[in-house]
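To start, the structure itself, in structure tokens.
All values below were derived from every heavy atom in this structure, side-chain atoms included, with hydrogens, water molecules and symmetry-related copies excluded. The structure presented is a predicted model; accordingly, all values stated were derived computationally and were not measured. Protein chains get the first letters and strands the later ones, always in sequence-line order, with residue 1 at the start of each.
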Amino acid sequence: MAVKLVEETPYRFRIDPVDGMRVPGVVFASRRLLPDLSNDQALTQVANVATLPGVVEASYAMPDVHWGYGFPIGGVCATDIDRGGVVSPGGVGFDISCGVRLYTCDLDRSRFAEVVGPVMDGLARVIPRGMGTGGVWTLSGRDQLDAVLRGGSRYAVERGHGVERDLDRCEDFGAVADADPSQVSERAAQRGMKSLGSLGSGNHFLEVQAVDAVLDERLAEAFGLRVNQICVMIHCGSRGLGHQICSDFVARMERVMPAYDIKVPDRQLACAPVTSPEGQAYLGAMAAAANYARANRQMLGQAARQVFEKETGRTLDLLYDISHNLAKIETHVVDGEERRLCVHRKGATRALPPGHPDLPPDLRDVPGVGQPVLIPGSMGTASYVLSGVEGGPAFASTCHGAGRALSRHQAARSVRGAELRRRLEAQGIAVRGASARGLAEETPEAYKDIDAVIEAAAGAGLARPVARLVPVGVVKG
DNA sequence: ATGTGC
């Protein structure tokens with residue numbers, strides 16, 4: 001599909017419907033980010049998504065959009081459940097409920113410098129990472145795995161892995177409803193059994209970060225962030241379990257699409273009506289994987305908390321835990337009417353407005369304070385905390401990270417792992433990696449400029465920047 | 001992203 005962009009505002013570009021598109025495409029980006037997009041498969045994917053049955057408003061792209069499996073990464077698409085709307089595993093992604101959790105620590109950057117060695121060595125010892133299996137929690141069997149799949153972080157806390165306040169600060173208060181472990185294949189379960197509490201590889205990490213700049217004093221205070229404060233960010237997902245569930249359901253939906261008379265321009269857009277048996281089965285399995293991902297982050301956070309308590313005498317307080325790969329059933333006003341939608345966010349972060357009932361209890365009634373939004377940067381660069389805003393377009397969603405600019409292969413060719421490690425250490429960043437190649441694939445040059453992405457997200461009215469964080473120690477898969 | 005690839 002040939003894609004033509006029309007500038008609507010400095011931060012919003014439109015793709016008019018052609019060739020079976022049911023709605024326009026809308027790309028939130030700045031002029032600075034746009035050249036990267038002009039010759040990119042990602043925009044064709046934005047247009048392809050606009051052909052899905054039941055799609056409403058627009059196929060949205062966030063400022064960090066890039067090419068993905070079928071759907072672009074950095075894409076948001078909502079379908080109307082009661083008007084034939086579909087759900088698609090490709091619109092969620094392989095790493096179901098991949099997301100970020102951020103803890104604050106009552107410790108300043110200068111004090112942390114005195115204990116950086118023991119803390120980083122402690123984290124390196126307790127945080128499983130890299131390809132393959134082995135997590136901090138060895139499950140007793142399928143029954144206990146199913147308890148994780150139903151209960152998420154809540155089950156982990158019930159079993160002593162965390163405190164009740166952690167759950168107040170988790171999306172969905174720690175567990176997605178309607179998880180259906182019976183829809184999780186034996187193969188997916190086998191893969192999940194041995195990986196609970198592990199980072200994985202790729203761009204997943206655990207970082208010790210320092211608040212570099214406060215960008216909104218009032219919001220930062222509400223979120224408990226101050227300049228030079230130490231934080232811990234964890235970015236990971238549902239490991240082999242989520243991957244297997246996605247694979248299982250892509251194959252299943254490809255088989256049943258003809259029976260629903262659904263035709264899509266790319267077979268990687270395989271989908272089924274939300275209300276169909278296949279749609280419901282996927283949503284049940286997806287919710288189970290989402291709970292696994294949250295329990296995964298809970299376990300890693302608890303392991304990090306114990307290291308901090310032992311080595312610094314200070315604990316970690318959870319600021320928030322939020323996914324950026326998930327489909328959710330939500331109610332939004334479309335064409336002046338409240339509709340039940342299936343909102344797919346793939347490489348896009350939910351950003352609820354101030355006063356929303358799903359906000360943490362202690363933030364819910366604070367005027368002007370929206371949902372904490374956690375945006376991980378690439379290795380060695382900044383990460384951001386944002387806040388959801390009133391009236392955000394794109395069904396209360398924003399970007400999820402810097403977005404790749406080079407493929408893994410290109411990145412690995414551009415720099416040697418050992419050299420990159422020295423460079424990071426020279427910048428004052430303590431590195432505890434798993435493999436040299438893994439490091440090279442994540443070199444900062446392989447990603448877009450996170451500062452430009454955040455500027456575009458703010459300019460487009462998707463979210464409000466609160467604080468900029470920089471890494472002081474990184475544990476990578 | 002992933003027991004990395006039909």
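The nearest whole Å value for the distance from the CG atom in A/Asn296 to the C1' atom in B/dT2 is 14 Å. Following rounding to the nearest Å, A/His409 (NE2) and B/dG5 (P) show an atom-to-atom distance of 14 Å. A/Leu199 has its CG atom 15 Å from the C1' atom of B/dT2, to the nearest Å. Between A/Arg129 atom CZ and B/dT2 atom P there is a gap of 15 Å when expressed in whole angstrom units. Computed from coordinates, the A/Glu441 CD to B/dT2 C1' distance equals 12 Å when rounded to whole Å. Separating the CD atom of A/Gln190 from the P atom of B/dT2 is a distance of 18 Å, rounded to the nearest angstrom. The distance between atom CG of A/Asn325 and atom P of B/dT2, rounded to the nearest whole Å, is 11 Å.
Contact annotation for A/Arg437: no contact, since no heavy-atom pair falls under 4.0 Å across all strands.
Checking the phosphate oxygens (OP1, OP2) of B/dT2, a side-chain nitrogen or oxygen of A/Ser201 falls inside 4.0 Å.
Listed by chain and number, the residues in a salt bridge (charged side-chain N to carboxylate O under 4.0 Å, His left out) with A/Asp449 are A/Arg32 (sequence neighbours excluded).
Where A/His204 and A/Met131 each meet DNA chain B at their nearest nucleotide, the meeting point lying more 5' is that of A/His204.
Contacts between residues 235-244 of chain A and DNA chain B, defined by a heavy-atom separation under 4.0 Å, are made by A/Arg239, A/Gly240, A/His243.
Looking at heavy atoms from C-beta onward, A/Arg432 lies out of side-chain contact with A/Leu123 at the 4.5 angstrom threshold. A heavy-atom distance below 4.5 Å is found between the side chains of A/Val55 and A/Cys77. With contacts defined as side-chain heavy-atom distances shorter than 4.5 Å, the pair A/Arg340/A/Val274 does not qualify.
Using a 30° and 60° split on the angle between ring planes, A/Tyr60 and A/Phe28 fall in the parallel class, below 30°.
Look at A/Glu186 and A/Arg142 and you find a salt bridge, because one of the NZ, NE, NH1 or NH2 atoms lies within 4.0 Å of a carboxylate O, short of that distance.
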